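Here's the structure, in structure tokens; my notes come after.
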Amino acid sequence: NVTSIIEHSTEILTTHASNKEMDIEFNAKEPHYVLANPIIETVFTNLISNAIKYSPEKSKVVVDVKEEEEFTEITVTDFGEGIKDEHKSTVFDRFKRVNKTGVRGSGLGLAIVKRTIELHKGDVGVRDNPEGQGSVFFVKLKRYLEEP
Ligand code: ATP
Ligand code: MG
């Protein structure tokens with residue numbers, strides 16, 4: 001149930017968010033079942049903690065879950081500094097850091113996200129936030145479809 005996994009990773013990041021007076025808005029109300037190892041939680045923890053880290057104080061992070069035919073798409077939207085088009089594919093590389101000044105990090109988070117999603121035969125990527133500044137990271141995982 002990816003809903004409760006995401007709820008758990010947002011709980012873990014509450015202090016991180018409240019230190020910056022940020023809200024994490026999570027819009028899934030019902031369980032969404034996907035085919036995944038419990039290790040998948042690290043994907044959401046990495047994406048949501050990046051969203052907090054690379055955003056200004058008092059902004060927000062929005063997490064949505066949407067079911068498609070075969071996949072469930074989870075999006076993490078922020079209103080932060082955003083990622084330029086030329087960096088959109090390389091941010092998933094090991095040790096890649098775009099803005100080296102300011103916030104600390106090892107540049108491994110997104111590489112772990114990408115590898116974990118690959119092992120699940122899912123999909124991950126980033127696009128611009130259509131509402132203005134910031135990014136939308138999306139993850140697609142195979143839905144768990146019960147036998148009829
Ligand atoms: P680590 O996660 O290992 O502590 P990190 O956050 O620097 O370090 P990644 O999570 O792999 O590393 O992210 C790689 C780079 O992509 C970051 O250094 C940052 O420049 C950029 N980035 C990641 N997420 C965002 C985001 N939500 N908004 C803007 N830039 C981002
Ligand atoms: Mg990170």
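Every value quoted in this text rests on a predicted model; they were computed, and no experiment measured them. Order of listing sets the numbers, starting from 1, for every ligand and every atom in it.
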For atom 7 (O) of ligand 1, grab the closest protein heavy atom and report residue, atom and distance to one decimal in Å.
R97 NE, 2.5 Å
Checking heavy atoms under 4.0 Å, the part of E81 that sits near ligand 1 is side chain
R127 bridged to E73 by N-O distance under 4.0 Å
yes
Could you tell me whether the side chain of K20 and the main chain of S55 form a donor-acceptor pair under 3.5 Å?
yes
In terms of atom number and element, which parts of ligand 1 are under 4.0 angstrom from non-hydrogen atoms of G82?
29 (C)
Could you check whether K60 pairs with E25 (Lys NZ or Arg NE/NH1/NH2 to Asp/Glu carboxylate O, under 4.0 Å)?
yes
Considering heavy atoms of the protein only, find what lies nearest to atom 3 (O) of ligand 1 and give residue, atom and distance to 0.1 Å.
S106 OG, 2.6 Å
Closer than 4.0 angstrom, basic N to acidic O: yes or no for E68 and R143?
no
Indicate, as side chain, backbone, both or neither, the part of H87 found under 4.0 angstrom from ligand 1 when only non-hydrogen atoms are considered.
neither
Between L108 and ligand 1, is there a nitrogen or oxygen pair with a distance under 3.5 Å?
yes
Sidechain-backbone polar pair: K140 side chain, V124 backbone, donor-acceptor under 3.5 Å
no
Flag if over 12 foreign heavy atoms under 6.0 Å of CD1, I39:
no
For K142 and H120: C-alpha separation, side-chain torsions, deciding distance, then whether side chain to side chain contact (heavy atoms under 4.5 Å, CB included) applies.
CA-CA 8 Å; K142 280 191 189 157; H120 282 82; over 6 Å; no
Would you say ligand 1 has an N or O under 3.5 Å from any N or O of G107?
yes
With no hydrogens and no angle check, is any side-chain donor or acceptor of N46 less than 3.5 Å from a backbone partner on L110?
no
Considering V91, N129, L110 one by one, which has a heavy atom nearer to atom 11 (O) of ligand 1 than any of the others?
L110
I need the contact type for I83 against ligand 1. Using non-hydrogen atoms and a strict under-4.0 Å cut-off, is it side chain, backbone, both or neither?
side chain
For the Mg ion (ligand 2), decide whether S106 has an N, O or S atom at a distance under 2.8 Å.
no
Can you list the ligand 1 atoms lying under 4.0 Å from a non-hydrogen atom of V98?
18 (O), 20 (O)
Interatomic distance, D64 atom CG to T75 atom OG1 [nearest 0.5 angstrom]:
4.0 Å
protein heavy-atom neighbour closest to atom 10 (O) of ligand 1 works out as N50 ND2, 2.8 Å
Does NZ in K66 sit with more than 12 non-hydrogen atoms of other residues, nucleotides or ligands closer than 6.0 Å?
no
Please list the nearest protein heavy atom to atom 14 (C) of ligand 1 with its residue and the distance rounded to 0.1 Å.
K96 O, 3.2 Å
Nearest heavy atom to atom 25 (C) of ligand 1, choosing from F79, Y54, F92, belongs to Y54
Which residue and heavy atom of the protein sit nearest atom 27 (N) of ligand 1, plus the separation
D78 OD2, 2.9 Å
